[in-house]
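Small disclaimer: the values here were computed from a predicted structure and weren't measured. The residues of the chain are indexed from 1 along the displayed sequence.
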Amino acid sequence: MQLRHYQYWPKGVPHTLPVPQTTLYYNLEVAAERYPEKTALAYYGGRLAYRELKQQADRLAGYLQTRCGLKKGERVLLYMQNSPQFVVAYYALLRADAVVVPVNPMNLTEELRHYVDDAGTRIALIGQELLPRIAPLLAAGPLAWIIVANYGEYADLASDLAQPDFLKLPPLETERPEVVPWRVALAAQCVPGAQLARPDDLCAMPYTSGTTGRPKGCMHTHRTLMANVVPAGVWNKGSAEDVILCVVPFFHITGMVHLMHSAIYLGAELVIMTRWDRELALKLMARHQVTSWVNIPTMVIDLFASPNFKADSLASLRGISGGGAAMPEAVAKKLFDLTGLEFSEGYGLTETSGATHNNHPDRAKRQCLGIPYINTEALVISPDTLEPLGVGEVGEIVSHGPQIFKGYWNDPKATAQVFIDIGGKTYFRTGDLGRYDEEGYYFFVDRLKRMINASGFKVSPAEVELMMYAHPDIQEVCVIGTSDAHRGETVKAIVVRKAASGDSASAEGIIEWCKTHMAAYKYPRIIEFVDSLPKSATGKVMWRALQEQETARTKPAQ
C-alpha cells in the first residue's frame with residue numbers, strides 16, 4: 001500500500017468513511033423527509049421540490065410494477081437526455097428494485113439493439129425525441145413496453161431562458177398500448193409494493209466501451225455506488241445549501257454518481273441543462289447563484305470565449321472540477337486569476353463508479369489525476385511482471401476500494417482479466433498507464449488498452465470497426481485516434497476498399513454512412529484510404545503500430 005500522499009491529505013477530510021448500509025433510494029426518502037418543499041431540480045424555469053420528486057418516483061415505480069409487471073432485479077433501459085424525468089425515472093427504478101441500464105441518448109437504433117438484447121430489457125424509459133430510434137425494437141426482441149417522457153412538461157415554457165426545440169414538442173398521442181406517455185403513467189397513481197432491495201443487490205448497469213468489441217455492462221450494487229456518493233460530499237465540503245449546475249450527462253458515471261446521487265444524498269439543488277449552451281450557463285449561474293460546477297475543459301474554454309463573460313461571472317462558485325481530459329495550463333491559470341479557484345481534476349472509470357483519484361481544491365496539481373480517494377488504495381504495477389513500481393516509474397494504474405464494480409454482465413472471462421491479487425487484496429486493472437510523484441500524486445501517461453477519448457466520451461475502436469464492416473465498399477478497416485484541437489482526440493478510420501468499389505467509395509460517402517449508423521461522438525471524422533493494412537505473423541491488424549505512427553505524425557513540434 002502506497003501511503004506517501006497522506007502527508008498532503010486535505011485537512012478535515014478522513015482517510016476512510018463507512019459505507020451506509022442502505023439503498024440509494026433511501027437517500028431520496030431522507031431528503032424528502034428533511035426538505036419536503038426545498039427545490040431538488042430546477043429546469044428551464046420549472047422547479048420540482050423533494051416531496052414531489054419522491055412522490056413521482058413512487059408513482060412511476062407503482063405503474064411499472066402493477067401495469068408492466070416489473071420484477072425485482074430486472075434490467076430496464078433509461079434512454080434520456082438530462083432532465084427531471086431522468087432523475088424521477090432512475091429513482092423509480094430503484095424504488096421498484098430494478099436495475100437501471102443508462103444509455104447514451106446519442107445512440108442510434110442498431111446500437112440500442114445491443115443494449116436491449118444483452119441486458120434482456122423488456123421496459124425502456126425514454127425521451128420523446130428518441131422514440132423513432134427505439135420504436136423499431138418493440139417487435140424485434142425482448143422489448144415490450146416504452147414509457148415516453150416529454151421534457152417540456154417540467155420546464156416553464158414562458159421563461160426567458162433559451163430552450164432547445166425538443167422542449168416544445170407537443171404532448172405524445174399514441175394508440176399503441178405498449179407505448180405509454182409519461183403523464184399517463186403518473187396519473188394512474190399506482191402504489192408500489194414493499195421495497196425488497198438490499199445494499200448488495202444490483203441497482204445499475206452502465207455500459208463501458210469494449211476494447212475488443214461490443215460495450216459491456218458494468219454490474220454495480222447500491223453499496224458500490226454509495227461508496228462514492230458519500231465521499232463526494234465530504235471531499236468537497238458539500239451541504240444542503242449547494243446549488244449544482246448539471247451539464248455533464250447523467251447517463252455517464254460522473255454525472256450519475258458525483259452529481260445526481262451525491263446531490264440527493266446531501267439534499268442539494270440540481271440546476272439541469274439538457275444541452276450545453278454557454279450563454280444559458282452564464283444566466284443560470286447568476287440566477288441560481290450556482291456554487292458548484294462539474295464539467296469538461298472544453299466547456300470552460302467555450303464559456304471564456306463568450307462576449308457576455310465577465311470577471312465576476314463565476315463569483316458564486318465555491319468549487320469547479322472535472323475530468324475526462326486534462327485542463328490546459330493557460331485556461332487553468334486564467335480561471336485561478338479570475339476566481340481564486342483551482343480546477344480540480346479527478347480520475348475514475350465506469351467500473352469504479354467514478355473517482356478513484358482526485359485533486360482536492362486546497363492542494364490541486366494541474367494536468368494531474370490527483371491522489372487516491374477516500375477509502376481507496378492505488379498502485380502502479382508493471383504490466384508484464386505485475387510487480388508494484390516506485391516513484392516516477394511508468395506502469396499500469398490499479399485500484400482497490402469499495403466502489404469497484406462486481407464484474408461484467410454475462411462475461412466472466414472479461415471479469416477475470418481485470419482483477420488481480422496483490423498482497424491479499426483484489427485490485428482492478430484500469431488499462432491506463434501512469435506514474436506517481438514523490439508526494440503520491442498520480443499522472444496519466446498513456447493507454448494500455450485500446451481506446452479513444454473524444455471530448456470526454458470513450459470510443460472503442462473495435463466497436464466502430466465492427467460497425468464499419470457492414471459498409472458494402474469496405475474490405476478492411478482499422479480505427480485509431482488522432483489529435484483534434486477542440487475534441488482533444490477524434491476518430492480516424494484507415495480503410496482498404498473492396499476491389500469492385502474502386503475509387504467510387506469516397507471518404508465523404510463513408511463518413512455520411514457512419515453518421516446514420518452510429519452515435520455522433522463515435523463516427524470517424526477522418527478517412528484515409530490505403531492499399532493494405534499492416535499485419536502480424538498471425539494475420540492480426542497491427543493497430544498499435546498505426547496508432548503510434550499517427551501520434552508521432554500529429555505531435556506538436558517542441
Do the charged groups of [X] and [Y] touch, with an N to O distance under 4.0 Å?
X: Glu269; Y: Lys38; answer: no
X: Lys365; Y: Glu342; answer: no
X: Asp201; Y: Lys72; answer: yes
X: Arg366; Y: Glu345; answer: no
X: Asp242; Y: Arg318; answer: yes
X: Asp97; Y: Arg198; answer: no

Inset, instruction - Would you please test Ile146 and Val180 for side-chain contact (heavy atoms from CB on, under 4.5 Å) and show each step? - result: CA-CA 6 Å; Ile146 298 178; Val180 182; over 6 Å; no
Within a strict 4.5 Å, meaning less than it, do heavy atoms of the [X] and [Y] side chains meet?
X: Cys246; Y: Val271; result: no
X: Val19; Y: Thr224; result: no
X: Pro372; Y: Tyr442; result: yes
X: Trp293; Y: Val247; result: yes
X: Phe443; Y: Leu369; result: no
X: His220; Y: Leu202; result: no
X: Thr23; Y: Gln195; result: yes
X: Met226; Y: Leu24; result: yes

Identify the heavy atoms of [X] and [Y] that sit nearest to each other, and give their distance.
X: Gly127; Y: Val148; answer: C-CG1, 4.4 Å
X: His114; Y: Pro215; answer: NE2-O, 2.8 Å
X: Phe304; Y: Leu314; answer: CE2-CD1, 4.4 Å
X: Thr121; Y: Val101; answer: CG2-CG2, 4.4 Å
X: Val76; Y: Ile123; answer: CG1-O, 3.3 Å
X: Ile253; Y: Pro206; answer: CD1-CG, 4.3 Å

Inset, instruction - Show the numbers, then the answer: is there a side-chain contact (heavy atoms from CB on, under 4.5 Å) between Asn27 and His261? - result: CA-CA 8 Å; Asn27 295 342; His261 287 321; 6.0 Å; no
Please say whether more than 12 non-hydrogen atoms of neighbouring residues, nucleotides or ligands are located less than 6.0 Å from [atom1] in [X].
X: Gln367; atom1: CD; result: yes
X: Tyr441; atom1: OH; result: yes
X: Asn308; atom1: CG; result: yes
X: Arg34; atom1: CZ; result: no
X: Glu279; atom1: CD; result: yes
X: Lys237; atom1: NZ; result: no

Inset, instruction - May I ask you to decide if the ring planes of Phe166 and Tyr151 are parallel, tilted or perpendicular, using 30° and 60° as cut-offs? - result: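 The rings of Phe166 and Tyr151 stand perpendicular, inter-plane angle above 60°.
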Return yes if a side-chain donor-acceptor contact under 3.5 Å exists between [X] and [Y], otherwise no.
X: Glu33; Y: Tyr50; value: no
X: Arg275; Y: Gln81; value: yes
X: Trp276; Y: Asp302; value: yes
X: Tyr347; Y: Asn359; value: no
X: Tyr91; Y: Gln56; value: no

When you measure from the side chain of [X] to the backbone N and O of [Y], does any donor-acceptor pair fall under 3.5 Å?
X: Ser262; Y: Leu259; answer: no
X: Arg133; Y: Thr109; answer: no
X: Gln403; Y: Ala355; answer: yes
X: Thr274; Y: Asn82; answer: yes
X: Glu463; Y: Ser460; answer: no
X: Thr339; Y: Leu335; answer: yes
X: His222; Y: Thr22; answer: no
X: Arg487; Y: Tyr521; answer: yes
X: Thr415; Y: Asp411; answer: yes
X: Ser316; Y: Val290; answer: yes

Inset, instruction - Identify which one of Thr39, Val87, Asp58 satisfies the side-chain contact (heavy atoms from CB on, under 4.5 Å) criterion when paired with Leu53. - result: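 Between Leu53 and the candidates, side-chain contact (heavy atoms from CB on, under 4.5 Å) is satisfied uniquely by Val87.
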Inset, instruction - Could you walk me through whether Ile126 and Ile147 pass the side-chain contact (heavy atoms from CB on, under 4.5 Å) test, one step at a time? - result: CA-CA 6 Å; Ile126 75 165; Ile147 312 296; over 6 Å; no
Inset, instruction - Hey, could you give me the CE/OG1 distance between Met205 and Thr221, rounded to the nearest 0.5 Å? - result: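 Nearest 0.5 Å value for the CE-OG1 distance: 13.5 Å.
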Inset, instruction - Working to the nearest 0.5 Å, report the span between CG of Leu317 and OG of Ser292. - result: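 That separation rounds to 7.5 Å.
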Legend entry - Six-ring centre of Tyr115, Arg113 cation under 6.0 angstrom, axis tolerance 45°: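 Output no; distance or angle outside limits.
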Legend entry - Lys216 charged N/C atom sitting above Tyr207 aromatic ring, 6.0 Å / 45°: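 The answer is no; the distance or angle limit is not met.
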Legend entry - Aromatic contact, Phe428 with Phe405 (centres under 6.0 Å):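 Centroid distance Phe428-Phe405: below 6.0 Å, so yes.
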Legend entry - Validation row, ring centre Tyr373 to ring centre His357 under 6.0 Å: no
Inset, instruction - With Asn150 as reference, evaluate Lys168, Arg183, Gln128, Gln85 under the side chain to side chain donor-acceptor pair (under 3.5 Å) test and give the passing residue. - result: Gln128
Inset, instruction - Only one of Trp182, Tyr44, Tyr43 passes side chain to side chain donor-acceptor pair (under 3.5 Å) with Tyr154; say which it is. - result: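 Among Trp182, Tyr44, Tyr43, the one that satisfies the side chain to side chain donor-acceptor pair (under 3.5 Å) with Tyr154 is Trp182.
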Legend entry - salt bridge (charged side-chain N to carboxylate O under 4.0 Å, His left out) between Asp160 and Arg287, worked out: CA-CA 12 Å; Asp160 65 334; Arg287 187 162 300 182; 2.7 Å; yes
Inset, instruction - Using the side-chain contact (heavy atoms from CB on, under 4.5 Å) rule, take Met518 and Val464 through it: C-alpha gap first, then chi angles, then the decisive distance, then the call. - result: CA-CA 8 Å; Met518 59 188 83; Val464 176; 4.0 Å; yes
Inset, instruction - Give every residue pair that meets the ring-ring contact (aromatic ring centres under 6.0 Å, His included) criterion with at least one member in residues 236-260, sequence neighbours excluded. - result: Phe86-Phe250
